[in-house]
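Naming: A, B, ... by sequence-line order, numbering from 1 per chain. All figures in this text were calculated on a predicted structure; none of them were measured in a lab.
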Number of protein chains: 2
Amino acid sequence: MPTSESVDDYLRAILELSGKSEERVSSNGLATRLGVRAASVTGMLQKLAAQRPPLVLYEKHRGVRLSAAGMRRAWEIVRHHRLLELFLHDVLKYSWDEVHEEAERLEHFISERFEDRVAAILGDPEVDPHGHVIPHRNGTIPVREEVPLVEWPIGKPAVLSSVSDRDPAALRELQRLGLVPGSGLVVDESKPNASLLVRLSGQKRQIRLSIELALHVAVDASRI
Amino acid sequence: MPTSESVDDYLRAILELSGKSEERVSSNGLATRLGVRAASVTGMLQKLAAQRPPLVLYEKHRGVRLSAAGMRRAWEIVRHHRLLELFLHDVLKYSWDEVHEEAERLEHFISERFEDRVAAILGDPEVDPHGHVIPHRNGTIPVREEVPLVEWPIGKPAVLSSVSDRDPAALRELQRLGLVPGSGLVVDESKPNASLLVRLSGQKRQIRLSIELALHVAVDASRI
DNA sequence: GCACTAATTTAGGCTAGCCTAAAAAATTCT
DNA sequence: AGAATTTTTTAGGCTAGCCTAAATTAGTGC
């Protein structure tokens, strides 16, 4: 069961689109995320489902979800991705918004040895530069309770937990505003579908965040 | 002119088979080196020659050589390869014989930024762990006069300049014997097509080297 | 429940890069 | 030189993964 670059991309996309829930993922959603046509997705899903063991569970017109084997491979790629992001940031001095693209390319090609050596150099880190947990070598995934910032109650102190890594411009903006993992903050005001007013811990200045930008941010839900 | 992994492999193989000279490289030689059939080589050479600008100069039945553009790309890949080898060895603590395989895979996928950052971390190094010169960023290649050990005169002190990186078992053996770049040595005896007797500087013990192993070794010819 | 729309799948094609088998050219041997 | 051998090229196929266009299924409003 050696997987190709494309297969890895599909598996990771399914994992990430299905969120933490067991939801089935739609062909269209995958097509958009992967930048291919829906017809191509259908073809690939049929192939992945036909593998032995199957990498996905697929019923036509009913979406797809990962099998146990698919799940394992997807998290493996995520581990590669997040270790690489941290490595690029900490060792090769990439900036916050540069790491994603390079990690996305390299994640498919590094060996187990590379993975292990990088993890060792970084001291078996728990999270990547965007605050996402790094799956363990053995496949277990540390649990982290997170809530999208836009769903966080007004007035309740929160700790910024992670930011999406897929949009460099948004990342630069968040960094400029001081919204990085670990930042303490309070939401002062929330206009649904418009914007949020947040304050960073110990600062008086309010920051206005567009919903679009706020959607990139999650806070630590274990601190409720 | 974005090049694929395959194209890069062909260009690098042509570069390395043509030696320093202007020799044309044969289809068979390429096929063997690349692990594909000769018919596949012919097909690829025709494509490379048909590109604008052409990456190779190819006349059927008469072998192939790199064009200026092909040369540029091939050396670029070599720079990637050698920087990666040194990086894997020095930073990620890979052993001498492990670096080649990983570098061979990754050389196709690292960005210019990655290349630059790695070079910076390593202090713009001149040579890789096997003693091969690292081409400069701008495409110039430092000159190094080398002679295969088997052609070095008997009794004349020499400095080991480089070893081939393609055979892990040979590398381990050479390392065990203390034959690493920088080692001083003298050839005491040379039986053509059989073996060499060499002595390391300051050691009395003679080392018997099979021709096969000796062919992996080159010495610094500027010290004649 | 039926008509309309949106989502999905099927059918048929394309390219890159490999393959085998057969043809052609070059080289070597006598 | 001519025959035998080796090298190289041509011809025709295959797979992965993408595409477009057309057909089908699902979902929605009336």
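One N or O on the side chain of A/Glu98 and one on the backbone of A/Ser95 form a donor-acceptor pair closer than 3.5 Å. Remark: side-chain polar atoms of B/Thr140 are not paired, donor with acceptor, to backbone N or O of B/His136 under 3.5 angstrom. Side-chain N or O atoms of B/Glu102 include one that pairs as donor or acceptor with a backbone N or O of A/Ser111 at under 3.5 Å.
Atom CZ of B/Arg37 is separated from atom C1' of D/dT7 by 14 Å (rounded to the nearest Å). As a whole-Å value, the separation of B/Asp9 CG from C/dG17 P is 10 Å.
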Sugar-phosphate atoms are those with a prime plus P, OP1 and OP2; base atoms are the rest. Using that split, label each nucleotide of nucleotides 3-16 of chain C B, S or - for protein heavy atoms under 4.0 Å, 5' to 3'. ----SSBB-----S
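The aromatic ring centroids of A/His80 and A/His108 lie 6.0 Å or more from each other.
Between A/Glu126 and A/Arg82 there is no salt bridge, since no side-chain N of the basic residue sits under 4.0 Å from a carboxylate O of the acidic one.
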